[in-house]
There are 4 protein chains.
Amino acid sequence: MNASAGPKAPGGADDATTSDSASMPRSGRKVTTSNRQSPRKSGDERWKELLDVSARMFADRGYAATSLQHIADELGMLKGSLYYYIKTKDDLLYEVIRGVYWEGVANFRRITTGPGDAVDRLEHAIQGHVRYLIDNITATTVFLHEFDQLSPGRREELSALGYTEQLRDLIRAGQAEGSIRPEIDASMAALAVLGATNWIYRWYRDPGSRGPDEIGRQFSDIFVSGLVSPSRKA
Amino acid sequence: MNASAGPKAPGGADDATTSDSASMPRSGRKVTTSNRQSPRKSGDERWKELLDVSARMFADRGYAATSLQHIADELGMLKGSLYYYIKTKDDLLYEVIRGVYWEGVANFRRITTGPGDAVDRLEHAIQGHVRYLIDNITATTVFLHEFDQLSPGRREELSALGYTEQLRDLIRAGQAEGSIRPEIDASMAALAVLGATNWIYRWYRDPGSRGPDEIGRQFSDIFVSGLVSPSRKA
Amino acid sequence: MNASAGPKAPGGADDATTSDSASMPRSGRKVTTSNRQSPRKSGDERWKELLDVSARMFADRGYAATSLQHIADELGMLKGSLYYYIKTKDDLLYEVIRGVYWEGVANFRRITTGPGDAVDRLEHAIQGHVRYLIDNITATTVFLHEFDQLSPGRREELSALGYTEQLRDLIRAGQAEGSIRPEIDASMAALAVLGATNWIYRWYRDPGSRGPDEIGRQFSDIFVSGLVSPSRKA
Amino acid sequence: MNASAGPKAPGGADDATTSDSASMPRSGRKVTTSNRQSPRKSGDERWKELLDVSARMFADRGYAATSLQHIADELGMLKGSLYYYIKTKDDLLYEVIRGVYWEGVANFRRITTGPGDAVDRLEHAIQGHVRYLIDNITATTVFLHEFDQLSPGRREELSALGYTEQLRDLIRAGQAEGSIRPEIDASMAALAVLGATNWIYRWYRDPGSRGPDEIGRQFSDIFVSGLVSPSRKA
DNA sequence: GATGAATGAGTCTTCATTCAT
DNA sequence: TATGAATGAAGACTCATTCAT
């Protein structure tokens, strides 16, 4: 549930940070782009603050265990006032997740469909994914851990064509071009890669030791070495 | 939260059911009549039933989103009656997690400290972990997903000496004996392996296609190939 | 809304009483018929009390304007405790209405299908309806005034085959047998009779002056005189 | 509460719509776009629109169940903006009721104090009342159903000198002049007449069958026949 | 072993209302 | 004439928990 109190077991370290910021104007709401430096916050800023606080609390305690009261307290407003910005609590979860999801998938696709042979792209995809994930660790944590708490309709909306399929296709492409071992099950390999990288949200802590780049390099090394065909290695 | 409705993105498969214990459609609180005229359950049987039902519901909806009412309904008793068996709701979560955790860790240790060189043991550890995880997918899901919802005291109790450390030490041993590449960061590698395997609870579905053994073989192949030193490979 | 504060205009007097009592075990609930004279109220008694209080408050302030807090206060319990007895607030409205409705319709049918010619039965039906209505003025008020606030499903359930149709058919029977004037539109006449009698809940007050019998006699006199055919009058 | 969903029982017809002002399906808060590019409504027009919409919604859902949000949505403005026109929600109810009430009473008085003997005036009063009520069915519904929801002060203000008294006095006059049966209790008779006519708002539907005139004729026939003295009838 | 009845705090959500702009 | 942003109180409903029987 929590980036800062993950289980030590099956992969844990301790005590985290959050650095990403959620953006995006909410669905049906015109936003006045009025003066920016007034002490009184504009609605737009408030909305971003709200998403930020929500993401942080959802990541820390879990969606179900976070009450609107908690969020309102943190924002210094009354819980009823939140309903000026949202229609249901689910809206908050949705906006937080939609944000990282869309950007993340787009980012991922840019790499997997970019230049280079399959192995190169795999390497970059792993490193890029790791970096994105860590740069947006809070929202990512919410996405990865609380996805199933979304209302069914929204869960479905976001389910289309995601990371796994892209990665699987990339690996298959590598097999076709001979750069990746043919005996590998592309689906399994894709799931292994994504499992290893996604799991980061369970143990990542502020760069006590390894930062995003170091992690990305290590992970891509392992997987590339694990998947590459002997011929291409040479 | 849910073994059967994981996000498609960062590593999902699709729609099916968990396989370890008879799973239930979660629509509309129906009371299981299955255990109505049984000769009269002993207290011990009732307790196991309670843990079973709890595990299933925690895996399906998440701990925070599962009420004692839900559980009692499923058992065909009143929620107040649950307090004959437990002192607080947290007891249920604790018992479910403690079960898989202890057995799982013991299992893991048996392999990592068993016979063979480090690479052999790594291979067996991955395959064994995958199999255990899938054989106990419901409880494992609860363990992996709801660990942070445990009361602080119990979280701590279970946190000691886990999988990561054992695996890291195994890899280091391999580096010491020369069977594993020295440029690998053992901690990172351990986290990659556990991430890939643990993540299984997010996408595993009834053996439509790949069963535990196939998955174990593929995963261990990838990681062994990725970590082994050229010398030992030859 | 209210038997005790009806508008003076289109027909009002002032300040009322309540004398009916709601009964009926609620839908899905077994009721222990345990000891009756314990100082501690049994659940059955509590349920009746709850319906009674609800009826009174719905009649006084209106359904929508009555909060569960009001009801709980009157009963000396916490509002959350009411949910031991009901599933939603609508249950209370439904039970109150269902009670008077079923009994009332049955009562009415007994008379309209009883012995005597149509005019006799009309006379008795009016008097019986007036009496029943006044004897159950509180629940009747709720029924007549708050019916539309019922959830759609339940509104429908109770809508079948009601008073109007029975009365219309009785009048038609009278026309067929020649005791009621043929130029009368039976539907209109039925609606006139029911309007006049139902409206009583808007102005009836404790027998300051006219009691149920007197009112029944006056009303039946007017309508019988208004509908009877000259031949039968003679 | 509702002219279009009255209980079938104690006097109902069935399913249709009210007819005085264009009624609206109540599903899902849609904002009427009908008044979007009009040349710019004057404040007076807006005020009338507001009263119209309020009346319609109060008639449809009941006063207490209608929120200012609903009304604002329908008008295409924000709920806070309503406070330019009103001071409290009660103002809306008051204005709607005051309108029909004053005009209706004046209308009624014009007839009961007009030319003709008591029986003639009674006949015209019934027909006139029925017509007025149906011509203004929405506001009348609000008046008849929601009167008690008015704030105490305003309830009192409107309570003085109403229909019942005028009608009772007319009947007494008829008894005095010998055209109405002496054994009739004038108060009861007045209440019967007003009950029958007022109740119309509970069952009236768009002139599927009977229109205002037909209803008026039938009702006045019944009551005149029921009250007239044998001597005057001859 | 379990029920029946309740508690008290908390859940999400809606309300009428305010007021600076 | 309105909007945008909030308030504060109350709404219905749910929760984990208790305890006498």
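Everything numeric here is computed off the predicted structure, so don't read it as measured data. Residue numbering restarts at 1 for every chain, and letters A, B, ... go by the order of the sequence lines.
In the set F:dT1, E:dC12, E:dT17, the nucleotide with an atom closest to the side chain of D:Y85 is F:dT1. Ranking E:dG1, F:dA12, E:dT11 by closeness to the A:H70 side chain, first place goes to E:dT11.
To the nearest angstrom, P of F:dA12 lies 10 Å from CG of C:L82. The interatomic distance linking C:D44 (CG) with E:dG4 (P) rounds to 13 Å, in whole Å. Nucleotide F:dA10 holds its C1' atom 12 Å from the NZ atom of C:K89, rounded to whole Å. Taking atom OH of residue B:Y84 and atom P of nucleotide E:dA2, one finds them 7 Å apart after rounding to whole Å. Between the CG atom of B:D91 and the C1' atom of F:dT17 there is a distance of 12 Å, given to the nearest Å. Counting to the nearest Å, the C1' atom of F:dA10 and the CG atom of C:D73 are 13 Å from each other. One atom, CD of D:Q69, and another, P of F:dT3, lie 12 Å apart when rounded to the nearest Å. Between D:M57 atom CE and E:dA16 atom P the separation is 12 Å, expressed in whole Å.
Closest approach of B:V142 and B:A55 over heavy atoms only: CG2-O, 3.4 Å. Here the shortest heavy-atom pairing between C:S54 and C:L50 reads OG-O, 2.7 Å. A:L68 and A:L82 get closest at one heavy-atom pair: O-CD1, 3.6 Å. Looking at every heavy atom in both residues, C:A65 comes nearest to D:A64 through N-CB, 4.3 Å. The two residues C:E74 and C:M57 have their closest heavy-atom pair at OE1-CE, 3.9 Å.
Atoms CD and CZ, on C:Q149 and C:F58 in that order, are 10.5 Å from each other to the nearest 0.5 Å.
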>> Determine whether A:Y63 and A:D90 satisfy the following criterion, side chain to side chain contact (heavy atoms under 4.5 Å, CB included), listing intermediate values before the conclusion.
In response: CA-CA 9 Å; A:Y63 173 73; A:D90 182 68; 4.1 Å; yes

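Contact check, A:Y83 against E:dT14: no side-chain N or O comes under 4.0 Å of OP1 or OP2. Phosphate contact (OP1/OP2 of F:dA10, side-chain N/O of C:S67, threshold under 4.0 Å): absent. Look at C:R46 and you won't find any side-chain N or O under 4.0 angstrom from OP1 or OP2 of E:dG4.
Comparing C:L68 and B:K87 by the nucleotide of DNA chain F that holds the closest heavy atom to each, the one mapping nearer the 5' end is C:L68.
Stem regions for DNA chain F, each three or more consecutive Watson-Crick or G-U pairs with both distances under 3.5 Å and listed by first number, read E:2-21 with F:2-21.
Using a 4.0 Å cut-off between a side-chain N of Lys or Arg and a carboxylate O of Asp or Glu, C:R98 and C:E95 qualify as a salt bridge.
The separation of E:dG1 from F:dT21, taken at their C1' atoms, amounts to 13 Å, rounded to a whole angstrom.
Less than 4.0 Å separates DNA chain E from at least one heavy atom of each of the following residues of residues 74-81 of chain A: A:K79, A:G80.
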